[in-house]
Chemist: 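Here it is: the structure, laid out below.
Values below: all heavy atoms of this structure, side chains included; hydrogens, waters and symmetry mates excluded. To find a chain, count down the sequence lines: A is the first, B the second, and so on, and within it residues start at 1.
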Amino acid sequence: MPNVLMVAEKPSLAASLANILSNGKSSSRKGFNGACSIHEWTGSFRNQPAKFKFTSVCGHINGLDFTGKYNSWDRCDPCDLFGAPTEKKEATPKLKMPAFLSSEARGCEYLVLWLDCDKEGENICFEVMDAVSDQIRNIRSPSVTYRARFSAITDKDIKHAMNNLVQPNENEARSVDARQELDLRVGCAFTRFQTKFFQGKYGDLDSSLISFGPCQTPTLGFCVQRHDEIQQFKPESFWYVQVTIEPELKLDWQRVRIFEKEIAMIFYNIVKDQREAVVEQVTSKDSFKSRPLALNTVELMRCASAGLGIGPHTAMQIAEKLYTQGYISYPRTETTTYPANFDLRGVLKQFERSSDYGEDARNILNDFVTPRKGTDCGDHPPITPMKLAHSSDFDSDTRRLYDFIVRHFMGTLSRDLKYKSTTTTFNINGETFTATSNVLIDAGYTKVMTWQAFGKNELATLFQVGDRVKMKEVKLIESQTGPPSYLTESDLISLMEKHGIGTDASIPVHINNITQRNYVTIESGRKLKPTTLGIVLVHGYQKIDPELVLPTMRSAVEKQLNLIAHGTADFRAVTKHAIEIFRLKFLYFVKNIANMDSLFEVSFSSLAESGKAHSRCGKCRRYMKYIQQKPARLHCSHCDETYVLPIGGIARVYRELKCPLDDFELLAWSSGNKGRSFPFCPYCYNNPPFNDMSRASGCNNCTHPTCQHSLISLGVSSCIECEKGVLVLDCTSSPKNWKLGCNSCDCIINIFDDAVKVSVEEDTCECGSQLMTAVYKQEKTPFPDGITEKKGCVFCSSEFAPLIEKHKAVENRRLNSSRGRGRGRGRSHRGRPKVPKDKMSQLAAYFV
DNA sequence: GCAAGGTC
């Protein structure tokens with residue numbers, strides 16, 4: 001019997017598709033990666049009996065990244081990224097997706113791809129084929145691999161797809177490859193360039209990363225555009241005639257308002273001395289407010305933000321949780337219409353006995369209305385409740401979001417809100433005024449969606465044509481137009497959706513990004529207010545190349561990519577062309593960065609004027625400034641050079657000692673009390689002097705043969721906790737505290753408390769460690785017979801044992817040492833490197 | 001330390 005492997009885009013879909021195709025007769029087991037399940041049954045394939053295996057991936061198997069040095073910010077020019085080699089890497093290594101798929105494909109003859117029917121899904125099809133090609137022969141053959149095309153997760157649609165299998169569309173898949181490549185190259189090049197440029201110049205930038213992206217930047221652009229409208233807004237005065245009649249009712253003027261005072265005065269004079277208003281016309285009409293469409297992701301995010309004050313990122317996290325706990329259906333969908341066979345009543349019935357929703361649910365069941373027809377995007381059914389929850393099941397936000405989903409669902413099955421609108425027209429000496437009265441006829445869906453309830457404004461009196469109504473007061477009122485408010489998050493989501501910026505799944509990510517990067521802040525009412533940094537960036541792009549921030553940029557790129565998807569253009573040609581355009585844009589941006597910089601200059605303070613004098617520069621001997629804001633840096637304003645410092649912790653001046661190589665004053669970095677610490681030279685830290693010393697190294701990694709702070713002078717033994725580290729004597733807080741610190745991991749061993757001097761000797765113990773000497777004052781010596789100085793091994797000498805803090809770890813090492821010794825000595829990077837005989841020739845070889 | 005797109 002042939003074996004057929006079928007793969008869906010996510011575990012939940014594999015389960016429901018298997019259930020449909022097996023008529024509920026599949027058996028399930030968990031896959032070895034812990035995330036995916038396999039559903040198996042026997043059925044028929046191409047008119048013969050076959051064994052089916054249905055499993056899934058978790059989205060993309062691979063992601064795109066640069067190779068080797070192109071991932072380093074320091075080892076390549078951002079401009080090189082437009083031509084740098086790239087490679088596919090496992091998107092989530094811990095899922096072991098390729099290995100999992102390959103293992104499940106063993107023994108299978110056929111592959112049927114049930115990935116989502118969009119371009120990303122088509123791309124994942126080829127990722128899956130690639131992953132199983134070592135198990136299934138001729139994977140590219142149209143009689144081996146099939147593609148199921150389905151537009152709804154219904155019995156009928158899925159079985160129809162199974163009976164009408166087609167082939168995966170390579171063009172669509174390639175268009176996604178092109179998008180990935182373009183986004184990677186453009187995003188990383190711009191991000192690295194502008195981050196380095198501005199961080200190297202300004203001390204008070206409140207962002208450790210100044211990112212650029214084809215989605216996040218236009219998203220920020222929307223927020224800044226509104227900010228600009230507010231800034232440019234000029235209030236205008238206007239006037240209107242306000243008539244109050246008896247009984248107390250203010251009428252609406254047909255001219256609404258007039259922007260010239262003199263003209264407004266003319267109308268005021270016409271009306272002001274009148275005593276009566278004559279009713280000219282009374283018209284009534286029935287009006288409706290539509291019940292909502294079934295709920296999709298974007299609408300859920302909009303409502304959560306605008307109605308519940310829950311941001312889209314959080315809203316989706318909560319929805320995800322509600323989904324995995326079985327309270328709601330799958331929360332990521334664009335579809336706003338219920339499938340034909342959806343058991344709407346069945347869902348409602350679950351709420352019949354609820355104290356919160358019972359009465360409404362029963363009313364709706366008794367007066368069932370067919371829901372409105374929305375759009376079927378062929379992905380997932382709309383978001384609906386799946387089972388009744390008790391309010392004690394959830395925290396406050398979860399409860400509110402669940403309540404919204406339940407009420408929205410019931411709202412879609414309710415009647416429209418119906419009301420009667422009556423407009424009365426008054427004539428006052430030739431000027432027309434009106435009064436409108438709305439009378440509720442049927443609250444409809446607002447009975448459940450109470451926040452949309454109808455604000456009544458029924459008139460106390462009903463008028464008839466010909467009535468003469470007594471006027472109480474006439475006023476000429478002056479007012480001013482007001483500026484628009486900042487963009488609400490809900491407005492922003494709508495704008496992104498309209499311009500095709502991001503997808504339902506990535507919209508919250510982009511909004512989150514621009515807040516995390518300090519480009520916008522979220523104000524009350526979830527309004528997005530751009531920060532100085534956000535404003536300056538967008539204005540800068542507008543000065544240099546407005547297309548970089550235009551919302552149409554994304555759709556223009558999509559248009560190019562669609563040429564690939566439709567097979568009308570070659571993948572290589574389109575990608576090459578698009579990359580070249582952005583490369584030129586990048587070069588132009590770099591060349592004209594001064595235009596953006598002039599805006600930064602006004603808003604931020606330069607490194608030279610921020611920070612405080614700290615330690616001396618080795619080149620000019622002047623004091624450099626210490627900028628503590630992240631990322632911490634030293635800046636020499638005379639040499640106009642910036643040196644980055646270790647992340648976190650503090651870097652203090654280390655006894656005014658100097659690096660023998662470059663004359664820079666040494667600093668002692670410390671991550672905090674009892675934490676890691678080491679001395680370092682700020683110049684060497686940024687520009688490693690030796691080939692075997694990597695960037696961002698302290699003196700404890702320096703192979704200078706004679707400097708008293710180097711690894712050569714102070715290294716004691718290989719680390720007891722990690723593979724490649726060396727324990728180095730750390731004197732930075734001596735004589736208060738002596739310790740051995742690993743130059744690679746976090747391992748710290750406190751030694752020789754109260755000693756006045758500790759040193760590392762030239763000779764070694766038989767265990768391979770360097771011998772050490774500890775000197776104490778007479779009154780504090782721990783050694784017997786009043787001896788104040790002793791030489792020995794921190795691991796082997798019995799009189800040292802009580803003076804070493806990390807006994808347990810040390811013991812472990814002892815146990816290991818006999819095993820590890822030979823190995824350790826043989827490897828040059830382990831243990832303390834031997835001091836070379838000819839120091840000068842060794843030194844010469846080290847210099848780059 | 002970078003993008004955007006899937007999804008866990």
Chemist: Scan A:His539, A:Gln225, A:Gln542 and name whichever one has a side chain to side chain contact (heavy atoms under 4.5 Å, CB included) with A:Val549.
Modeler: A:Gln542
Chemist: What nucleotide, of B:dG1, B:dC2, B:dC8, holds the atom closest to the side chain of A:Lys10?
Modeler: B:dC8
Chemist: State which of B:dG6, B:dA3, B:dG1 makes the closest approach to the side chain of A:Asp74.
Modeler: B:dG1
Chemist: Among the nucleotides B:dA4, B:dG1, B:dC8, which one has an atom lying closest to any side-chain atom of A:Leu209?
Modeler: B:dG1
Chemist: What's the closest nucleotide to the A:Tyr330 side chain, out of B:dC8, B:dG1, B:dA4?
Modeler: B:dC8
Chemist: What is the separation between atom CZ on A:Phe586 and atom C1' on B:dC2, rounded to the nearest whole Å?
Modeler: 12 Å
Chemist: Expressed in angstrom and rounded to an integer, what is the separation of A:His60 atom NE2 from B:dA4 atom P?
Modeler: 14 Å
Chemist: So which nucleotide from B:dT7, B:dC8, B:dG5 ends up closest to the side chain of A:Glu320?
Modeler: B:dC8
Chemist: Select one nucleotide: of B:dC2, B:dG6, B:dC8, the one nearest the side-chain heavy atoms of A:Cys58.
Modeler: B:dC8
Chemist: Choosing from B:dC2, B:dA4, B:dG1, which nucleotide comes nearest the side chain of A:Asp183?
Modeler: B:dA4
Chemist: Would you indicate what A:Ser208 reaches in the nucleic acid, counting non-hydrogen atoms under 4.0 angstrom: base, sugar-phosphate, or nothing?
Modeler: base
Chemist: Under a plain distance cut-off of 3.5 Å, with no hydrogens placed, do A:Asp393 and A:Tyr402 share a side-chain donor-acceptor pair?
Modeler: no
Chemist: Quick one: label A:Asn71 by what it contacts on the DNA or RNA (base, sugar-phosphate, nothing), any heavy atom closer than 4.0 Å.
Modeler: base
Chemist: Return the nearest nucleotide to the side chain of A:Thr503; candidates are B:dA4, B:dT7, B:dG5.
Modeler: B:dG5
Chemist: Between B:dC2 atom C1' and A:Asp80 atom CG, what is the distance in whole Å?
Modeler: 15 Å
Chemist: Take A:Ala35 and A:Asp65, find for each the nucleotide of DNA chain B with the closest heavy atom, and name the residue whose nucleotide sits nearer the 5' end.
Modeler: A:Asp65
Chemist: Starting from the C-alpha separation in whole Å, work towards a yes-or-no answer on ring-ring contact (aromatic ring centres under 6.0 Å, His included) for A:Phe150 and A:Trp114.
Modeler: CA-CA 8 Å; A:Phe150 51 102; A:Trp114 290 85; 5.6 Å; yes
Chemist: Whole Å only: how far is the CG atom of A:Asp177 from the C1' atom of B:dG5?
Modeler: 12 Å
Chemist: Backbone N or O of A:Ile139 within a donor-acceptor pair of the A:Thr145 side chain at under 3.5 Å?
Modeler: yes
Chemist: Below the 4.0 Å mark, does B:dG5 have OP1 or OP2 next to a side-chain nitrogen or oxygen of A:Arg554?
Modeler: yes
Chemist: So, do A:Phe212 and B:dA3 meet the stacking rule of ring centres under 5.5 Å and planes under 30°?
Modeler: no
Chemist: When you measure from the side chain of A:Arg517, which nucleotide among B:dC2, B:dG5, B:dC8 comes out closest?
Modeler: B:dC2
Chemist: Among B:dG6, B:dG1, B:dA4, which nucleotide has an atom closest to any side-chain atom of A:Gln199?
Modeler: B:dG1
Chemist: Would A:Arg174 pass as a cation-pi partner of A:Phe571, given that its NZ or CZ must be under 6.0 Å from the six-membered ring centre and within 45 degrees of the axis?
Modeler: yes
Chemist: Counting any heavy atom closer than 4.0 Å, what does A:Arg179 reach on the DNA or RNA strands: base, sugar-phosphate only, or nothing?
Modeler: base
Chemist: So A:Ala91, base contact, sugar-phosphate only, or nothing? Heavy-atom distance under 4.0 Å.
Modeler: base
Chemist: From CG of A:Leu13 over to P of B:dT7, roughly how many Å is that when rounded to an integer?
Modeler: 10 Å
Chemist: For B:dA3 and A:Thr191 - does any side-chain N or O of the residue sit under 4.0 Å from the phosphate oxygens OP1/OP2?
Modeler: no
Chemist: Report yes or no: is the cationic atom of A:Lys201 (NZ for Lys, CZ for Arg) under 6.0 Å from the centre of the six-membered ring of A:Phe600, at an angle within 45° of the ring normal?
Modeler: no
Chemist: Mind calculating the distance between CE (A:Met316) and P (B:dC8) to the nearest angstrom?
Modeler: 11 Å
Chemist: Please report, rounded to the nearest Å, how far the C1' atom of B:dA4 is from the CD1 atom of A:Ile124.
Modeler: 13 Å
Chemist: Please work out if A:Pro11 contacts a base, only the sugar-phosphate, or nothing of the nucleic acid, heavy-atom cut-off 4.0 Å.
Modeler: sugar-phosphate
Chemist: Pick base, sugar-phosphate or nothing for A:Gly502, based on heavy-atom distances below 4.0 Å to the nucleic acid.
Modeler: sugar-phosphate
Chemist: With a 4.0 Å cut-off on heavy atoms, is A:Glu9 in touch with a base, just the backbone sugar-phosphate, or nothing at all?
Modeler: sugar-phosphate
Chemist: Verify the contact: side-chain N or O of A:Gln180 to OP1 or OP2 of B:dA3, cut-off strictly under 4.0 Å; return yes or no.
Modeler: no
Chemist: Report the distance from atom OH of A:Tyr70 to atom C1' of B:dA3, rounded to the nearest whole Å.
Modeler: 19 Å
Chemist: Between A:Tyr323 and A:Ser506, just flag the one whose closest nucleotide in DNA chain B comes earlier from the 5' side.
Modeler: A:Ser506
Chemist: Only one of A:Asp177, A:Asp65, A:Asp130 clears salt bridge (charged side-chain N to carboxylate O under 4.0 Å, His left out) with A:Lys88; which?
Modeler: A:Asp177
